[in-house]
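What follows is a short report on a single structure.
The chains referred to below are lettered A, B, ... by the order of the sequence lines, with proteins before strands, and numbering in each begins at 1. These numbers were taken from a predicted model, which means no experiment stands behind them.
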There are 2 protein chains.
Amino acid sequence: MSRFLIEIRVTPRKGILDPQGKAIHHALHSLGWSTVDDVRVGKAIHLELEADDADAARSEAEAMCRKLLANPVTEDFELLQVEEAGA
Amino acid sequence: MSRFLIEIRVTPRKGILDPQGKAIHHALHSLGWSTVDDVRVGKAIHLELEADDADAARSEAEAMCRKLLANPVTEDFELLQVEEAGA
């Protein structure tokens, strides 16, 4: 087994209300940044896990996303990086 | 002015307690993923803004991070992408 560093991005699906994004958008405008057209806020998740190889690490992380890390109805997830620690 | 798409990642600084990461770590273990060694959770922010050019868009986004989007005491921020919309 080796240790893998995995970066996951979970974002609100297009068309789904994003209250956190709306709140930040409003705050930026009230701070004077009227040039901001849209703000969407998701999660940036860094995982460290043990796996036999990169493919196994990737499929484990995807299963975790489907089961827990991303809401299947309102969010999309993407694995940005799967890297062996110390590689 | 052109429209720019900016992707920002805000992460808890190393050594700072990350309760959300701890909670997810604990949940993954209770779901059977004992191979997970660490979990850290930050924000993935997508901004759309108007600016004269990419450099102006970048410096505006960095100012927004320092002022609002990232807590200067507990979080680090990184601009992952500054791209002209439709480019």
Side-chain angles (χ1 to χ4, degrees), chain A residues 1-14 18 20-21 23-53 56-57 59-70 75-81 85, chain B residues 1-14 18 20-21 23-53 56-57 59-70 75-81 85:
Chain A
M1 298 270 263
S2 313
R3 201 152 59 88
F4 288 87
L5 308 177
I6 298 175
E7 189 180 341
I8 299 163
R9 185 176 54 196
V10 177
T11 45
R13 195 157 288 158
K14 284 271 180 199
D18 174 13
Q20 198 176 2
I24 290 177
H25 192 176
H26 184 73
L28 288 171
H29 273 227
S30 53
L31 286 168
W33 277 298
S34 53
T35 54
V36 176
D37 294 333
D38 190 32
V39 180
R40 299 184 66 70
V41 180
K43 289 181 287 226
I45 301 173
H46 291 254
L47 280 184
E48 286 184 29
L49 57 82
E50 310 281 333
D52 292 331
D53 53 44
S59 63
E60 287 289 302
E62 283 171 352
M64 293 176 203
C65 287
R66 275 189 287 274
K67 184 89 176 180
L68 179 75
L69 304 179
E75 293 175 325
D76 292 313
F77 69 85
E78 191 181 345
L79 270 61
L80 300 181
Q81 175 203 341
Chain B
M1 297 273 264
S2 312
R3 201 154 56 90
F4 288 87
L5 308 177
I6 298 175
E7 188 181 341
I8 298 163
R9 184 176 55 194
V10 177
T11 46
R13 195 158 290 158
K14 284 272 177 194
D18 173 13
Q20 198 176 2
I24 289 178
H25 191 176
H26 185 74
L28 288 172
H29 272 228
S30 52
L31 287 168
W33 276 296
S34 53
T35 54
V36 176
D37 294 333
D38 190 32
V39 180
R40 299 183 68 68
V41 180
K43 289 182 287 232
I45 300 173
H46 292 254
L47 281 185
E48 286 183 30
L49 57 81
E50 309 283 333
D52 292 332
D53 53 43
S59 64
E60 288 288 299
E62 282 171 351
M64 293 175 204
C65 287
R66 275 189 287 275
K67 183 88 175 179
L68 179 74
L69 304 178
E75 293 176 325
D76 294 313
F77 69 85
E78 191 181 343
L79 270 62
L80 301 181
Q81 175 204 340

Proximity breakdown for A:Leu5 and chain B, heavy-atom pairs closer than 4.5 Å: neither
Spatial distance of atom NE2 (B:His25) from atom CG (A:Leu49) [nearest 0.5 Å]: 9.5 Å
Closest approach of B:Ala44 to A:Arg9 (non-hydrogen atoms, all atoms of both residues): CB-CG, 3.8 Å
Exceeds 12 heavy-atom contacts within 6.0 angstrom, atom NE2 of A:His29: yes
Most contacts with chain B, counted as non-hydrogen pairs under 4.5 angstrom, among A:Val10, A:Val39, A:Ile8: A:Val39
Contact class of B:Ile6 relative to chain A, heavy atoms under 4.5 angstrom: neither
Rounded distance [0.5 Å steps], CG in B:Leu80 versus CD in A:Glu7: 7.0 Å
Interchain contact, A:Ala63 with chain B, by part (heavy-atom threshold 4.5 Å): both
Inter-residue atom distance A:Asp38.CG - B:His46.NE2, 0.5 Å rounding: 10.5 Å
Side chain / backbone / both / neither for A:Leu68 at chain B, heavy atoms under 4.5 Å: side chain
From A:Ile24 atom CD1 to B:Met64 atom CE, the distance as rounded to the nearest 0.5 Å: 11.5 Å
Part of A:Arg40 within contact of chain B (heavy atom distance under 4.5 Å): both
